[in-house]
2 protein chains.
Amino acid sequence: MRPTVHDIAAEAGVSLATVDRVMNARPGVREKTRLKVEQAIDKLGYVRDVAAANLAKGRTYPFTFILPCNENAFMADLRDAVLQANARGRVERTQISIVDVPAFDAEALAEALLAAGEGNPAGIAVVAIEADPVREAVRQLTGRGIPVVTLVSDLEDSNRDHYAGVDNPAAGRTAATLLGRFVSPQKGTIGVLAGSLSVRDHQNRFSGFCEIMAAHFPELTILPPMEGRDDSALARKLVSEAVEAHPDMIGLYSLGAGNRGLIAALEEARARGRELVTIAHELSDHSREALEAGLFDVVLNQDAGHEVRSAIRVLKAKADGLEVIAAQERIRIDIFIKDNLP
Amino acid sequence: MRPTVHDIAAEAGVSLATVDRVMNARPGVREKTRLKVEQAIDKLGYVRDVAAANLAKGRTYPFTFILPCNENAFMADLRDAVLQANARGRVERTQISIVDVPAFDAEALAEALLAAGEGNPAGIAVVAIEADPVREAVRQLTGRGIPVVTLVSDLEDSNRDHYAGVDNPAAGRTAATLLGRFVSPQKGTIGVLAGSLSVRDHQNRFSGFCEIMAAHFPELTILPPMEGRDDSALARKLVSEAVEAHPDMIGLYSLGAGNRGLIAALEEARARGRELVTIAHELSDHSREALEAGLFDVVLNQDAGHEVRSAIRVLKAKADGLEVIAAQERIRIDIFIKDNLP
DNA sequence: CTGTTAGCGCATTCAA
DNA sequence: TTGAATGCGCTAACAG
């Protein structure tokens, strides 16, 4: 049998309460006593039974998820995933409250973070925006011992506890290699459609994309990126015009959301006899259909469900002061073609 | 607060013990009483606290994993993943014993399954072989209420509780599309290296591969598959000879293990000025290097860690009579190129 | 500073 | 056929 608190207490010659104090780093224990207990703990190889501990504590984990009120399918998926996780909260002992913030508004986000902190949640997950006020808010929270996990979009140079999202420069590089090889050996121009290049994720993807294109596909010219602002109509217009304006355009990388408009534009182009090798992000009903119809050639995806579950696991672990299994928490860049659709 | 057994007992006007009997479908309860309790349960929306239940039971889950003693990197990974999971068994309340069986030996596997069942484990995971004795053994086990999960390789027409592995025909189709597009617009022949076509997984991959090749890349000719028997030296020899014999061979799909020998052969070919678009399976140190060196173009992968953890989660859920979250348990076909390596 | 004690939600003897 | 009592491993008042 694995050792219990009783065994530790006996071994150390103290009471249960003292063992508990030591284990939870609570004050009111002489240094000497603490040492005895700690020795007993690793002599017996004690590991605390978290389930039992939580039972005793009647513990539930109140988490706060701060999400942008964006309209695209991915954010909807993300929200869904959070709601679903919360639905299973009865048994997982988590209780998640979602806080909505306006998209792309750093000030509002910073405020929301601080406000969330007031409720003393067991942890906070946030779709970050790269900005100093946000960084500062996160610093305050972690300083107060509240675990913070960035979700989907990271916050560099902050001391967030964990980032639950993909490596975006790598996503851009992946897109470049696939696009380059698919169009090869044709020469021509490649369009890029972003949501907004003021968003960090999109920046990162774009730079990764350009890096590989420049290095390995010099015969392909990247057109200046279009900014569709995740707006369906705008994206459609931009892409249609670009296809028209560049008869030598043979490929397209859409690194943001706004697949609907993009798909419409590609259908138009196809009707006029133009076929573009196209790589887009985020698997949704629309992008899946586009893949099956051959309008998209590749979809790069981050699994919202995985990200949310990972964030929760990490938050729980941090709240309990446990280690996280890094390998299990790495969020992959999924590559989908029509043949490996889930 | 969520309702507890006490609330149910009070609501139904019976004792805790009776509630327990009803919940665990144990005998010795009058039909009428049972009904009262059941009504109380869904009136209050009771869901049992599994953690508390396990604590009370002092429950641990003794699982048996039956693995082939194969020498390839993937199987080693799989074994590692099981050992690692077992190491965390103290806190997960699992205790896994590994049973080794000779590779590709259906009789031995069937025997091992039956033997494992004697120990009355809480569940069994097995790398299946498609054969009737195996099917029969699985049927017996599940008939006795022991949950059985197939791992990596499924067992069709058996009543195993779950399959923790990838969709192999889809893997083959994926390889075909990528290979076809990468070599395009060249014409030529494509080599196929299998471990053994008597293994179900390999068969499935091969047929998926041929299906797409025939449908979409008629200008490419698939050579008769080579069988490397997961033997490094043999694989090397076969591939080298094939490259030599077919000057028009421009692509290669390796759908089994034996990457070492394959890589050596590709290096030789490269030294002689021959470059083949190559797609292989399973990410390992060797295949990763090959990817980085440009010897492999794509590696399709199944994550052994995910598969094992998934198998354990499912086994636990089945043992507890709980639902599994299907979406979380689907094992992906990971596509790796040099840019999205983990 | 340290120990005693009473639960957390559930399963399980042992009586009745 | 049912109920009362005890304990799983741990935490948290409340006393000393």
Side-chain angles (χ1 to χ4, degrees), chain A residues 1-38 40-41 44-61 89-95 122 316 319-322, chain B residues 1-38 40-41 44-61 89-93 95 122 319-322:
Chain A
M1 281 305 276
R2 55 190 274 199
T4 74
V5 272
H6 292 92
D7 302 319
I8 304 300
E11 176 74 24
V14 298
S15 76
L16 287 186
T18 302
V19 173
D20 188 64
R21 289 188 186 98
V22 172
M23 286 190 351
N24 295 305
R26 270 188 290 247
V29 184
R30 242 189 333 187
E31 193 50 33
K32 208 172 151 188
T33 319
R34 173 180 307 280
L35 237 71
K36 275 197 303 187
V37 173
E38 276 164 355
I41 285 180
L44 300 190
Y46 170 82
V47 283
R48 144 232 251 124
D49 182 325
V50 190
N54 286 339
L55 174 58
K57 279 195 285 223
R59 165 147 214 178
T60 61
Y61 302 79
R90 300 293 270 233
V91 44
E92 310 261 355
R93 299 187 165 280
T94 61
Q95 193 186 342
K316 255 189 175 174
D320 289 336
L322 296 177
Chain B
M1 279 307 277
R2 54 190 275 199
T4 74
V5 273
H6 292 93
D7 302 319
I8 303 301
E11 175 75 25
V14 298
S15 76
L16 289 185
T18 302
V19 172
D20 188 65
R21 290 190 186 99
V22 172
M23 286 190 350
N24 295 304
R26 269 188 292 248
V29 184
R30 242 188 335 188
E31 193 50 33
K32 206 172 155 188
T33 320
R34 170 181 310 281
L35 237 71
K36 274 197 303 189
V37 173
E38 277 163 355
I41 286 182
L44 300 190
Y46 171 82
V47 283
R48 145 234 247 124
D49 182 327
V50 189
N54 287 340
L55 175 58
K57 278 193 284 218
R59 163 147 214 181
T60 61
Y61 302 80
R90 300 294 269 233
V91 45
E92 310 261 358
R93 299 185 165 279
Q95 194 185 341
D320 288 336
L322 296 177

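Since the model is a prediction, treat every value here as computed from it, not as a measurement. In what follows, chains carry the letters A, B, and so on, assigned in the order in which the sequence lines appear, proteins first and then strands, with residues in each chain numbered from 1.
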Compare all side-chain heavy atoms of [X] with those of [Y] and state whether any distance is below 4.5 angstrom.
{"X": "B/E38", "Y": "B/R34", "result": "yes"}
{"X": "A/V37", "Y": "A/V14", "result": "yes"}
{"X": "B/K36", "Y": "B/V29", "result": "no"}
{"X": "B/V19", "Y": "B/H6", "result": "no"}

Whole Å only: how far is the [atom1] atom of [X] from the [atom2] atom of [N]?
{"X": "A/R26", "N": "D/dC10", "atom1": "CZ", "atom2": "C1'", "result": "10 Å"}
{"X": "B/I8", "N": "C/dA11", "atom1": "CD1", "atom2": "P", "result": "12 Å"}
{"X": "B/K57", "N": "C/dT12", "atom1": "NZ", "atom2": "C1'", "result": "11 Å"}
{"X": "B/H6", "N": "D/dG3", "atom1": "NE2", "atom2": "P", "result": "13 Å"}
{"X": "A/N54", "N": "D/dA12", "atom1": "CG", "atom2": "C1'", "result": "15 Å"}
{"X": "A/L55", "N": "D/dT11", "atom1": "CG", "atom2": "C1'", "result": "10 Å"}
{"X": "A/N24", "N": "D/dA12", "atom1": "CG", "atom2": "P", "result": "7 Å"}
{"X": "A/K32", "N": "C/dT2", "atom1": "NZ", "atom2": "P", "result": "10 Å"}

Any side-chain N or O of [X] less than 4.0 Å from the OP1 or OP2 oxygen of [N]?
{"X": "B/R48", "N": "C/dA11", "answer": "yes"}
{"X": "A/R21", "N": "D/dT11", "answer": "no"}
{"X": "B/T18", "N": "D/dG3", "answer": "yes"}
{"X": "A/R59", "N": "D/dT11", "answer": "no"}
{"X": "A/T4", "N": "D/dG9", "answer": "no"}

With heavy atoms under 4.0 Å as the rule, sort [X] into base, sugar-phosphate or nothing.
{"X": "A/D49", "answer": "sugar-phosphate"}
{"X": "A/V19", "answer": "nothing"}
{"X": "B/R34", "answer": "nothing"}
{"X": "A/A17", "answer": "base"}

Next item on the list: Could you check A/L16 against B/V29 and say which one's nearest nucleotide on DNA chain D is further toward the 5' end?
Entry: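 Counting from the 5' end, the first nearest nucleotide belongs to B/V29.
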Margin query: Need to verify one output field. Residue with the more 5' nearest nucleotide on DNA chain D, B/G58 or B/P27?
Written below: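 The residue mapped nearer the 5' terminus is B/P27.
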Note to self: What I want to find out is whether B/R93 reaches A/D49 closely enough, with some N-O distance under 4.0 Å, to be called a salt bridge.
What the structure shows: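 Salt bridge flag = yes for A/D49 with B/R93.
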Margin query: Please pick, from D/dC10, C/dT4, D/dG3, the nucleotide with the shortest atom-to-atom distance to any side-chain atom of A/S15.
Written below: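 For the A/S15 side chain, the nearest candidate turns out to be C/dT4.
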